Structure formats: structure tokens, C-alpha cells
Protein chains: 2
Amino acid sequence: MKDLARDLGMSVATVARAFHPEATVAAATRAAVLSRAEVLGYRSNPLARAIITRRTRIVGILLAEMDNPFYPEALARLTAALQEAGFNAMLVVASPGQPVEAALRLLLSYQPEIAVSLATSLGSEAAAACRAAGTPVLFLNRHPEDLAPDAMAIVCDNHRGGARVADHLIEAGARRPAFMAGQADTSTNAERFAGFRDRCIKRGLPPPRHIHAGTFTYKAGHAAALSCLRGAERPDALFCCNDILAAGVLDAARRDLGLRVPEDLLIAGFDDIALAAWPSYDLSTLRQPLGRIVALAVEQIEHSARGGTLAGGIIRIPGEFIPRGSTARPRGDPAPEQEQTS
Amino acid sequence: MKDLARDLGMSVATVARAFHPEATVAAATRAAVLSRAEVLGYRSNPLARAIITRRTRIVGILLAEMDNPFYPEALARLTAALQEAGFNAMLVVASPGQPVEAALRLLLSYQPEIAVSLATSLGSEAAAACRAAGTPVLFLNRHPEDLAPDAMAIVCDNHRGGARVADHLIEAGARRPAFMAGQADTSTNAERFAGFRDRCIKRGLPPPRHIHAGTFTYKAGHAAALSCLRGAERPDALFCCNDILAAGVLDAARRDLGLRVPEDLLIAGFDDIALAAWPSYDLSTLRQPLGRIVALAVEQIEHSARGGTLAGGIIRIPGEFIPRGSTARPRGDPAPEQEQTS
DNA sequence: TTGAAAGCGCTAACAT
DNA sequence: ATGTTAGCGCTTTCAA
């Protein structure tokens with residue numbers, strides 16, 4: 001910048017101003033600076049700026065569960081949207097062997113404008129570290145039970161989604177629906193189940209069985225299906241808490257247990273990951289409004305970066321049910337609403 | 001830091017030295033500084049340091065094709081390994097609507113120690129931008145045809161891998177094997193095909209047909225399979241350039257064309273993504289040595305960050321063939337090597 | 001072994 | 001509208 005200023009016969013201050021749209025510089029001066037900068041290949045140094053302004057244009061993304069395809073999809077879209085808004089994404093991944101906490105410390109020292117938590121539960125120590133660093137936290141998709149008053153969460157309306165799935169399964173003929181849970185202590189799990197259960201009961205069915213897979217993985221879904229779908233008392237419909245779980249269930253049902261889907265068992269998922277649309281799964285699912293979630297998130301990040309404060313609380317965005325073959329009503333039965341009276 | 005120094009009655013210089021293992025400070029002084037820093041929650045600011053040392057501890061990761069599960073897996077492992085080594089990963093994603101070029105400019109202004117290209121082809125303008133910024137580039141998994149002399153690539157030994165798949169398919173009874181290509185202009189595609197073809201010819205088979213799917217996606221594999229597996233002249237074995245392609249092929253073959261795998265058609269893939277081990281796919285594949293690739297990459301990044309120069313050129317690491325049901329030899333036929341003479 | 005001082009690339013009053 | 005000056009948090013000579 002000094003060089004550029006010398007080259008142009010101006011002071012560094014003037015040159016600096018040319019790079020700030022809101023600064024007060026003569027249009028001609030700005031044009032001259034910018035064009036010369038272009039020629040010399042000069043780009044202002046965001047690190048130096050960050051030291052003074054404390055605005056890094058860095059967004060820290062905390063991610064776990066890379067093995068659930070929903071998260072790579074969400075990450076790709078979020079990162080792309082951030083790029084477009086002129087933010088840089090710093091990625092931290094948590095895994096069994098790598099707790100977020102350590103990496104989070106490193107991340108926070110770069111003074112991200114905000115931390116976005118995708119799937120990480122972000123323990124209280126981690127949350128405290130963010131608070132101490134003055135970094136606001138935005139939760140996407142999941143939120144902790146004890147959401148700090150100044151933290152914000154943007155999630156799918158899981159309760160409503162669960163209810164919507166219940167409606168669909170019941171209309172497709174389900175009489176003994178069950179719910180398959182992934183990781184028990186997650187908000188997604190609790191909310192989707194609650195919505196599903198409430199609606200089942202409201203429509204006159206017994207409370208759906210709660211099957212515990214343990215994690216949101218194909219393997220867990222597969223294993224849980226093997227143990228819960230044997231015997232005569234098996235459910236006739238299964239709402240899996242997410243699609244990757246449902247994929248495991250579907251394979252177990254068809255290949256290992258010889259069940260026909262949807263004739264013997266209706267299966268629905270949640271998320272609408274790419275695989276749900278593959279012909280071999282053809283999975284009915286509640287599609288997450290990823291586009292809207294990401295757009296809203298970036299909006300909030302920009303607001304926060306401008307110095308605004310995050311509205312605390314949880315924003316719930318409704319998803320859309322996508323009916324597919326895994327719950328197609330067999331033999332064109334009419335929806336048997338009348339049976340609710342029994 | 002100034003505060004810390006005042007608190008301790010030392011100069012900032014001494015305090016600064018305490019944070020550099022190689023700096024010359026009295027052991028007692030260092031201990032005092034570090035323990036007090038811990039108490040006060042002080043962490044040195046990497047941004048300020050970066051301005052002077054030009055060492056940011058930032059690694060820029062350029063990524064495309066988030067829809068091929070191989071890349072999320074690779075990204076997760078790379079990021080985790082970088083974290084452990086004290087680096088921070090800055091992620092830039094390319095997509096049809098979002099060319100890397102724009103985001104790369106933003107990224108480079110943060111002075112990453114190195115740029116890691118995962119799947120991005122990184123056009124010549126982009127490569128030039130890196131060169132201009134003095135940022136070395138490390139290619140993972142794929143490398144450009146015209147690899148710059150100072151650029152390095154770490155990839156699976158695709159040629160050898162292709163040959164290994166050929167061996168396996170031939171031993172499983174293949175007589176008219178074919179190759180399904182994804183994106184034509186990629187090194188992975190070219191090398192895997194070359195290895196496969198050479199070995200087929202060497203073992204007395206006609207040159208394998210080259211089927212062009214166009215992209216490395218499930219959908220492309222599915223569509224290409226539908227058009228190439230009809231009719232009597234169809235291949236009896238298909239080596240798909242990667243697993244996600246193979247998944248599409250498998251589904252098309254079984255569900256749409258009524259073919260039995262492996263009885264009517266042998267199918268092999270490449271990568272060994274999670275899905276390949278699912279019972280519904282049970283896909284034989286060449287497993288990429290991701291652990292070794294990542295380890296070597298981090299090693300090189302550390303070397304480069306220490307001021308060392310990257311050894312230019314391509315490092316090829318052999319993969320491991322994982323036989324599964326999609327190529328299990330039907331009816332226990334002995335491998336008919338003798339037919340090679342015909 | 002430590003301190004003083006200069007400076008990294010930039011911003012932000014304050015003057016002019 | 002532009003220049004001057006001080007300083008962000010840190011490193012790094014150079015002297016002591």
C-alpha cells in the first residue's frame with residue numbers, strides 16, 4: 001500500500017480510503033487508485049485490517065458427522081453463500097478422536113466474526129470459550145437444550161415436520177407406526193419424535209414405539225432395523241429420524257428380512273439427501289429447507305458483522321414433504337380416515 | 001500482550017519470547033509468563049503475528065464435487081489432520097454457479113501458507129493467481145495435465161489401481177470388460193482407464209470399451225448404464241471410474257434392466273466410499289489410501305510452512321483392492337487363465 | 001537474559 | 001478531499 005501510494009504520489013490514507021466504498025474520496029482519485037492497484041496486482045491485506053477494525057470477515061464453521069451426507073450438502077451451500085457475501089469459511093471438524101474444543105481454541109484466536117455450529121453439540125466449555133472470545137454463535141439444524149439467551153438457532157420446523165410425516169403415513173395405511181431415533185440427546189431427534197407422536201395420538205393411534213438406533217448412521221439404522229422388524233409385532237410403518245438411518249433400515253428390511261416396502265412396511269425419512277431420490281431407495285422424506293436456512297444464516301451473519309446483535313432464540317422454518325415410493329399406498333386404498341373413530 | 005507484560009513487570013519483548021519455543025528466555029521467566037497467560041486467558045493473536053512473519057498457519061482448501069462422497073471424507077480427514085498439526089483450514093468451494101476463481105482471490109488475500117486443491121481443476125488463471133501471491137499449491141487426488149514444476153501432487157496410483165481391477169475382473173471371468181468414465185478431462189479418469197486397458201490387452205482381451213458417463217455422479221452412472229447395458233453386445237464386466245458412478249450403474253443394472261450382479265455383470269468401482277460396503281451395493285472397489293495421502297500432505301504442508309520448498313512432481317501411493325459381492329465369481333468357477341491363449 | 005525501539009500493513013482521528 | 005499522525009498486537013533487530 002505504501003508502494004502504491006508512492007507510485008501514485010498520494011498518501012497511504014488516500015489510497016486506503018479508495019478501498020472503502022463509504023469513505024470520502026474524489027471519484028477520480030478512487031478510480032485512479034483502483035485501476036493502478038489492478039495493474040500492480042495489489043490487494044489490501046485483510047489481516048492487517050482485522051487487527052484494527054476487529055472485523056476479519058472470517059466465519060468459523062464447526063462441523064461433526066461428515067458421514068451423514070446432509071452435512072456436506074449443508075456445508076457446501078453455506079460456504080458458497082458465504083463466499084458470495086465476501087466471507088471466508090474456516091472449518092473445524094469434530095470426530096471421536098478430535099474433540100472440537102481444542103480446534104475451537106485455535107479457531108477463536110483468528111477472531112471469526114461468528115461461529116456457526118453445524119451438528120456439533122458444542123459443550124458448555126466450548127460455548128464459554130466463544131463467549132469469552134466475544135464470538136457470537138449461530139446454530140444451524142440442531143440447537144442445544146440450553147440455548148444461551150444471546151445465541152441464535154436456525155432450524156427446520158422439526159415438530160411440524162414430524163407431524164406431517166405422521167399424517168402421510170397414517171393416510172398411507174399405517175396402524176402401528178414407530179419412530180427410529182438416532183442420537184438421543186439432539187434437538188432434531190426430540191422435536192421430530194414429539195411432532196410425530198403427538199399427531200399419531202391426535203389421530204387416534206397408540207403412541208408410536210420409540211426405537212433407539214443410537215447414532216445417525218447407515219450402520220445404526222441397519223442394525224436397529226434387524227432387531228426391531230422381526231416377529232409379528234413389528235410396526236407397519238417406520239419414521240426414521242433422518243434419511244441415512246432410513247437407508248440402512250430399507251436395506252435391512254428388504255435384503256435381510258425379506259420385507260416388501262411399501263407393501264409390508266412403510267418407511268419415511270427426513271432431510272431429503274441425494275440418495276433419497278435414487279430409484280433403489282425412492283424414499284419418502286421431509287425435505288429440509290436448506291436454501292432458506294442458509295440464506296437466513298448469511299443474512300444474520302452479515303447483520304452481526306455490521307455490528308448488529310443476533311436476535312437470540314430459535315427460528316423454525318417449515319420443510320416440505322416429498323412423497324416417494326417407500327410410502328406409496330399399496331393397491332390404491334383410499335385413505336382410511338374413518339378408522340380414527342375406533 | 002501489553003497488559004500481560006505490565007502485569008508481570010516485564011517488557012513485551014520478553015513476553016513475546018516466552019511464546020516462542022526457540023526463543024532465548026530464562027526457563028523461569030517463560031513459566032511465569034505462560035502460567036499467568038493461562039490465568040488471564042490470554043492467547044497471542046495469530047493475525048498480528050502473520051503480518052510480520054508472513055506465517056498465517058492457514059491452509060486454503062479448494063474443493064469441488066461435494067456430491068461425490070469421497071470428497072467429504074477426504075476433507076474431514078485432511079481438516080482433522082491439519083487441526084492436529086496446528087493449522088487452520090480455510091475452505092473454498094467451487095460449484096457450477098460459483099467458480100473457484102473469485103473465491104480464490106479472497107482466500108489468497110489471507111496469505112494461506114499453501115493451497116490444497118481437492119478435485120478442483122484450478123484453471124490456469126487460478127494457478128497464476130496463486131503463483132503471483134507466492135502461494136504454493138498441493139494437488140490431492142487429481143492433478144492437472146500441465147502440473148507446474150514447483151507444484152506437487154499426491155495421488156493414488158491410479159494406473160496400478162486400474163490394472164489391479166483388470167486382473168480381478170478377468171480372474172472373475174470377464175471376457176468383454178468395459179470402462180465407464182466420469183469427467184473426461186481428469187487425471188484420475190485417464191490414468192485408471194490406461195491402467196485398466198493396458199492390463200486387459202496384456203492378458204489377451206480386446207481393448208475394453210470406453211463408456212462416457214460425463215460426470216462423477218450417481219445420475220450419470222445410472223443414465224450411462226441404461227444406454228450401454230442393453231442388447232446382446234453388452235459388456236460382461238464394468239469397471240466404473242469411481243464408486244458413486246458404480247452405485248448408479250448397479251441400480252440401473254439390477255432394477256431397470258433386470259440384470260443380476262455379479263452373475264450377468266461384474267461391477268467394480270474405485271475409492272471405497274462408505275456406500276461400497278453397504279450390503280445393498282456390496283461393491284468391489286479399489287480403496288484409496290486416504291490415510292497415507294493425508295499424512296503425507298500434512299507432512300509436506302509442515303515442511304512448506306517451515307520455509308522449505310515443495311518437491312515438484314507427482315507422488316503416487318498404491319491403493320488396495322477390496323473384493324466384494326459385485327464381482328464374486330459365480331458358481332465357484334476357477335479363474336480361466338488358460339483362455340488367454342485364444 | 002532482557003529491554004528499547006522500529007516497524008509489519010493497515011485504519012482512524014484530527015488537521016488542513 | 002486529502003495529508004499527518006498515532007497506533008492496532010505483535011516480532012525483531014540491536015544494545016545493554
Side-chain angles (χ1 to χ4, degrees), chain A residues 1-34 36-37 40-58 86 88 106 108-113 133-135 305-307, chain B residues 1-34 36-37 40-58 86 88 106 108-113 133-135 305-307:
Chain A
M1 188 159 183
K2 220 194 292 187
D3 299 348
L4 224 189
R6 198 178 324 107
D7 181 287
L8 289 158
M10 304 174 184
S11 72
V12 279
T14 305
V15 173
R17 279 189 270 254
F19 288 96
H20 294 265
E22 75 286 0
T24 159
V25 206
T29 311
R30 168 167 290 144
V33 172
L34 294 181
R36 194 84 188 104
L40 299 182
Y42 166 83
R43 321 219 74 217
S44 76
N45 184 336
L47 274 51
R49 176 174 26 248
I51 286 186
I52 303 174
T53 61
R54 310 203 134 266
R55 300 268 153 81
T56 53
R57 302 299 286 181
I58 292 176
N88 249 313
L106 181 61
L108 287 176
S109 63
Y110 284 85
Q111 326 243 34
E113 312 249 349
T135 306
R306 265 190 244 103
Chain B
M1 188 161 184
K2 219 194 290 184
D3 299 348
L4 222 190
R6 197 178 325 107
D7 181 286
L8 288 159
M10 304 172 182
S11 73
V12 280
T14 306
V15 173
R17 279 189 269 256
F19 288 97
H20 294 266
E22 74 287 358
T24 159
V25 204
T29 312
R30 169 168 290 145
V33 172
L34 294 182
R36 193 85 189 102
L40 298 182
Y42 167 82
R43 322 217 73 219
S44 75
N45 184 336
L47 273 51
R49 173 170 34 245
I51 286 186
I52 302 173
T53 62
R54 311 201 132 267
R55 299 267 153 81
T56 54
R57 302 297 287 180
I58 291 175
N88 249 313
L106 181 61
L108 288 176
S109 64
Y110 284 83
Q111 325 243 34
E113 311 249 348
T135 306
R306 266 190 243 103

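Treat the numbers as computed from the prediction; the structure is a model and nothing was measured.
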Under 3.5 Å donor-acceptor pairs involving side-chain atoms of residues 13-27 of chain A, not counting sequence neighbours:
{"unit_1": "A:T14", "atom_1": "OG1", "unit_2": "A:S11", "atom_2": "OG", "d": "3.1"}

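- The distance between atom CE of A:M10 and atom P of D:dT4, rounded to the nearest whole Å, is 14 Å.
- Remark: side-chain polar atoms of B:Q111 are not paired, donor with acceptor, to backbone N or O of B:R55 under 3.5 angstrom.
- Among the atoms of the strands shown, only primed sugar atoms or phosphate atoms (P, OP1, OP2) are found under 4.0 Å from some heavy atom of A:T14.
- Between the P atom of C:dT2 and the CG atom of B:L8 lies a distance of 12 Å, rounded to the nearest Å.
- When all heavy atoms of A:A48 and B:I51 are compared, the pair lying nearest together is CA-CD1, 3.3 Å.
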**Request:** Check the pair B:D7, B:R36 against side chain to side chain contact (heavy atoms under 4.5 Å, CB included), reporting the backbone distance first and the verdict last.
**Result:** CA-CA 9 Å; B:D7 181 286; B:R36 193 85 189 102; 2.7 Å; yes
**Complete:** Protein heavy-atom contacts under 4.0 Å, written 5' to 3' over nucleotides 4-11 of chain C as B (base), S (sugar-phosphate only) or - (none), form the string B--BBBBB
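- At whole-Å resolution of the value, CZ in B:R55 and P in D:dC10 are 19 Å apart.
- A pairwise comparison of heavy atoms in B:S109 and A:P46 identifies O-CD, 3.0 Å as the closest pair.
- When all heavy atoms of A:L4 and A:A37 are compared, the pair lying nearest together is CD1-CB, 3.8 Å.
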